[in-house]
Q: 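The following block contains the structure, expressed as structure tokens.
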Amino acid sequence: MKIASYNINGINGRLASLLAWLEETAPDVVCLQELKTEDAKFPRAALRKAGYGAAVCGQRAYNGVAILTKGAEPIVTRRALPGDAQDKASRYLEAAVKGILIACIYAPNGNPQPGPRFDYKLAWLERLNAHAAALWASDVPVLLVGDFNVVPTDSDIYSAKSSWKDDALLQPASRAAFQRLIGQGWLDALRTLHPTEPIYTFWDYKRDAWRRNAGLRIDHFLLSRVLHERLVDGNVDVAARALEGSSDHAPVWLQLDEP
DNA sequence: ATGTCCTGGATACCAGGA
């Protein structure tokens, strides 16, 4: 079972390349972030034609997450992260797919920091920690996947002394929130599979970052206990980032064994 | 401070977010 995550940065503007990528890589499940479109303008028909059912939590212009499933419809279990009824941003979608509970995550960017946007990021990650603890306790196979907007350690960026050092993605409080998740027992799948090599999932459009390989690792797969032993392989599809008109993220994928 | 690219609103650029 192949599961991918892709911050697409505008699904309608990149629909043709998304469809080509789906055909080429044929993942069983795809978690998408930054759709930047409302539900009514989500390209459901084109994806269905490509063989994918979809659950969508859209929003006009900003945010937006979706879960695609090949030859099936996701069974939605949640459309929002619990803990703040006032938070209307579309950043969380949870669905049961082929025996796994999949949480598609688009955490807040949090810049500039300090400030209210950073406070919101930390509060959101705290709510994620609380909900993740409940999911962990359920003993169900769960995958927390998506754009966490956190660079977990200095090994997850081309240079921690770069212009990114004051960015919200690298701050100790952001990292502490991510580490609290890991502390619950969740497995950082990509880092586990590739313990020492650089892994990047995002290259800024600015400063010629792709050409310089000035990347950051901010898209993550976190596996609940029963999924640890099913982890077979995983990596970043860097070729997709090299294409003309690409998102600033590359897709990340995992291969899980059958139970 | 800058770099670039997305979306959407009232235009043939700008605001806001990343």
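Computed from a predicted structure; not experimentally measured. Lettering follows sequence order; numbering is per chain, from 1.
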Q: Considering only side-chain heavy atoms of Asn109(A), which listed nucleotide, dA18(B), dG3(B), dG8(B), is closest?
A: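 Out of dA18(B), dG3(B), dG8(B), the nucleotide with an atom closest to Asn109(A)'s side chain is dA18(B).
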Q: Touch check for Tyr106(A), heavy atoms < 4.0 angstrom, all strands: base, sugar-phosphate only, or nothing?
A: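 Sugar-phosphate contact only.
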Q: Return whichever of Glu34(A) or Asn9(A) has its heavy-atom-nearest nucleotide of DNA chain B closer to the 5' end.
A: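 So the residue in question is Asn9(A).
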Q: Do Tyr6(A) and Tyr106(A) belong to the same hydrophobic cluster, where Ile, Leu, Val, Met, Phe, Trp and Tyr are linked whenever their side-chain heavy atoms lie under 4.5 Å apart, directly or via other members?
A: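 Tyr6(A) does not cluster with Tyr106(A).
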Q: Hey, can you tell me if Trp164(A) and Phe202(A) have their rings parallel, tilted or perpendicular (30° and 60° cut-offs)?
A: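 Trp164(A) vs Phe202(A) ring planes: perpendicular.
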Q: Please list, chain by chain and in numerical order, all residues satisfying salt bridge (charged side-chain N to carboxylate O under 4.0 Å, His left out) with Arg217(A), sequence neighbours excluded.
A: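 Salt bridge (charged side-chain N to carboxylate O under 4.0 Å, His left out) check on Arg217(A) returns Asp156(A), Asp188(A).
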Q: Mind checking Arg212(A) for me? I need base, sugar-phosphate or nothing, with any heavy atom below 4.0 Å counting as a touch.
A: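 Since no nucleic acid heavy atom lies under 4.0 Å of Arg212(A), the category is nothing.
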Q: When you compare dG9(B) with dG3(B), how far apart are their C1' atoms, in angstrom units rounded to a whole number?
A: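 The answer is 25 Å between these two C1' atoms.
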Q: Can you tell which of dC5(B), dA18(B), dG8(B) lies closest to the side chain of Arg117(A)?
A: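 Side chain of Arg117(A) sits closest to dA18(B).
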Q: Considering only dG17(B), dA18(B), dT4(B), which nucleotide approaches the side chain of Tyr205(A) most closely?
A: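 Given the options dG17(B), dA18(B), dT4(B), the side chain of Tyr205(A) is closest to dT4(B).
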Q: For Gln33(A) and dG17(B), what is the distance between atoms CD and C1' respectively, to the nearest whole Å?
A: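 For the pair Gln33(A) CD and dG17(B) C1', the rounded distance is 16 Å.
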Q: For the pair made of CG in Leu35(A) and P in dT7(B), what is the distance, rounded to whole Å?
A: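 Rounded to the whole Å, the gap is 11 Å.
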Q: Please give the distance between the P atoms of dA15(B) and dA10(B) as a whole number of Å.
A: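 My reading of the P atoms in dA15(B) and dA10(B) gives 14 Å.
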Q: If I pick the P atom on dA1(B) and the same atom on dC6(B), what distance separates them, to the nearest angstrom?
A: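 About 26 Å, rounded to a whole number of Å.
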Q: Of the nucleotides dT7(B), dC5(B), dG3(B), which one has an atom closest to the side chain of Arg14(A)?
A: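 Of all the options, the side chain of Arg14(A) is nearest to dC5(B).
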Q: With respect to the side chain of Lys206(A), which nucleotide from dG3(B), dC5(B), dG17(B) is positioned closest?
A: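 Comparing dG3(B), dC5(B), dG17(B) against the side chain of Lys206(A), the answer is dG3(B).
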Q: Looking at Asn12(A) and Lys41(A), would you say the former's side chain and the latter's main chain have a donor-acceptor pair under 3.5 Å?
A: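 Checking the backbone N and O of Lys41(A) against the side chain of Asn12(A), a donor-acceptor pair under 3.5 Å is found.
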